[in-house]
Amino acid sequence: MTFSELNLSEPIQRAINACGYTEPTQIQARSIPEIIAGRDVLGSAQTGTGKTAAFMLPVLEKLSTVRKGPKGAPRVLVLTPTRELASQVTEATRTYGRFINLRSAVILGGVPYGPQFRDLGRPIDLVVGTPGRLIDHLERGSLDLSRLEFLILDEADRMLDMGFIKDVRKIIATLPRRRQTLLFSATISPEVRTLAGDALKS
Ligand code: AMP
């Protein structure tokens with residue numbers, strides 16, 4: 001399969017070309033058409049398989065009809081277990097979204113609130129973050145998830161191993177039911193399956 005068979009729009013295809021990618025990886029070839037078609041996805045993929053682009057390219061494709069939301073109310077939320085993964089996903093968002101006009105923010109614990117309040121005080125398209133600080137912002141009213149269109153749970157197994165399940169469920173409980181949910185995990189344990197059963201449309 002080639003990327004052109006996926007019929008991605010010009011700015012997304014241009015970003016792929018700029019990365020030098022010639023063909024989609026297996027997880028990309030399987031996930032991208034499903035996500036474009038509007039379906040929820042449970043993806044089993046290790047880091048290094050191209051899983052970030054597997055969800056980010058189609059989500060950016062669907063966002064590229066950019067409609068700025070009100071301040072602090074993103075259309076996309078990527079939940080990650082660690083700061084390192086959040087930074088990688090943010091970097092990927094910049095790389096793959098470089099030819100679309102996108103505003104994103106990274107919301108992590110252990111860093112000052114000031115810049116986060118500033119980022120969330122503006123119209124925003126996409127937020128990447130770790131669960132604890134996102135809940136802080138929800139409780140303070142600086143983050144509004146009532147308009148969310150896409151929830152991505154990245155490395156869900158690690159999120160559960162690190163004890164974030166309550167926080168993840170708390171965040172999910174605030175989201176619109178009508179949304180697209182994408183869950184990626186290196187291993188699909190019974191706990192991951194239960195979370196997927198609750199968070200994804202069957
Ligand atoms: P990830 O599994 O998302 O951490 O991605 C692993 C690495 O694969 C990253 O450095 C990406 O830049 C690279 N990558 C992603 N998709 C492709 C592709 N289709 N062809 C070549 N490299 C890719």
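Counting starts at 1 for both ligands and their atoms, in listed order. Here, residue 1 is the first one in the sequence, and each next residue gets the next number.
The presence of a protein heavy atom under 4.0 Å from atom 21 (C) of ligand 1 is confirmed. Checking atom 8 (O) of ligand 1 against the protein gives no heavy-atom contact under 4.0 Å.
Under 3.5 Å, the side chains of Lys62 and Gln180 contain a donor-acceptor pair of N or O atoms. Counting only N and O atoms by type, the side chains of Ser9 and Glu61 include a donor and acceptor under 3.5 Å apart. A donor-acceptor contact under 3.5 angstrom links the side chains of Thr187 and Asp157, judged on distance only. For Glu191 and Thr194, the side-chain atoms include no donor-acceptor pair closer than 3.5 Å.
Between Phe55 and Phe184, the ring planes are tilted. Angles from 30° to 60° get that label.
Checked by distance only, ligand 1 and Gln28 come closer than 3.5 Å through their nitrogen or oxygen atoms. Not one N or O of Gln46 is nearer than 3.5 Å to an N or O of ligand 1, by distance alone. Of the polar atoms of Phe3, none of the N or O atoms is found under 3.5 Å from an N or O of ligand 1, judged by distance alone.
Contact check for Ile152 versus Leu79: no side-chain heavy atoms found under the 4.5 Å cut-off.
Nearest to atom 12 (O) of ligand 1 among the protein's heavy atoms is Tyr21 OH, 2.5 Å. The shortest contact between atom 4 (O) of ligand 1 and any protein heavy atom is with Gly48 N, 3.6 Å.
Gln88 does not count as a contact of ligand 1, since none of its heavy atoms falls under 4.0 Å from the ligand.
Listed by number with element, the atoms of ligand 1 under 4.0 Å from a non-hydrogen atom of Glu23 are 18 (C), 19 (N), 20 (N). Against a heavy-atom cut-off of under 4.0 Å, Thr52 is close to the following atoms of ligand 1: 1 (P), 3 (O), 4 (O). The contact set between ligand 1 and Thr49, taken as ligand atoms under 4.0 Å from a residue heavy atom, comprises 2 (O). Which parts of ligand 1 touch Lys51 is read off a 4.0 Å heavy-atom cut-off, strictly below it: atoms 1 (P), 2 (O), 3 (O).
Checked options Ile172, Asp40, Leu77, Leu145; the residue passing with Arg179 is Ile172 (criterion: side-chain contact (heavy atoms from CB on, under 4.5 Å)).
A salt bridge does not link Arg75 with Asp125: every distance from a Lys NZ or Arg NE/NH1/NH2 to an Asp or Glu carboxylate oxygen is 4.0 Å or more.
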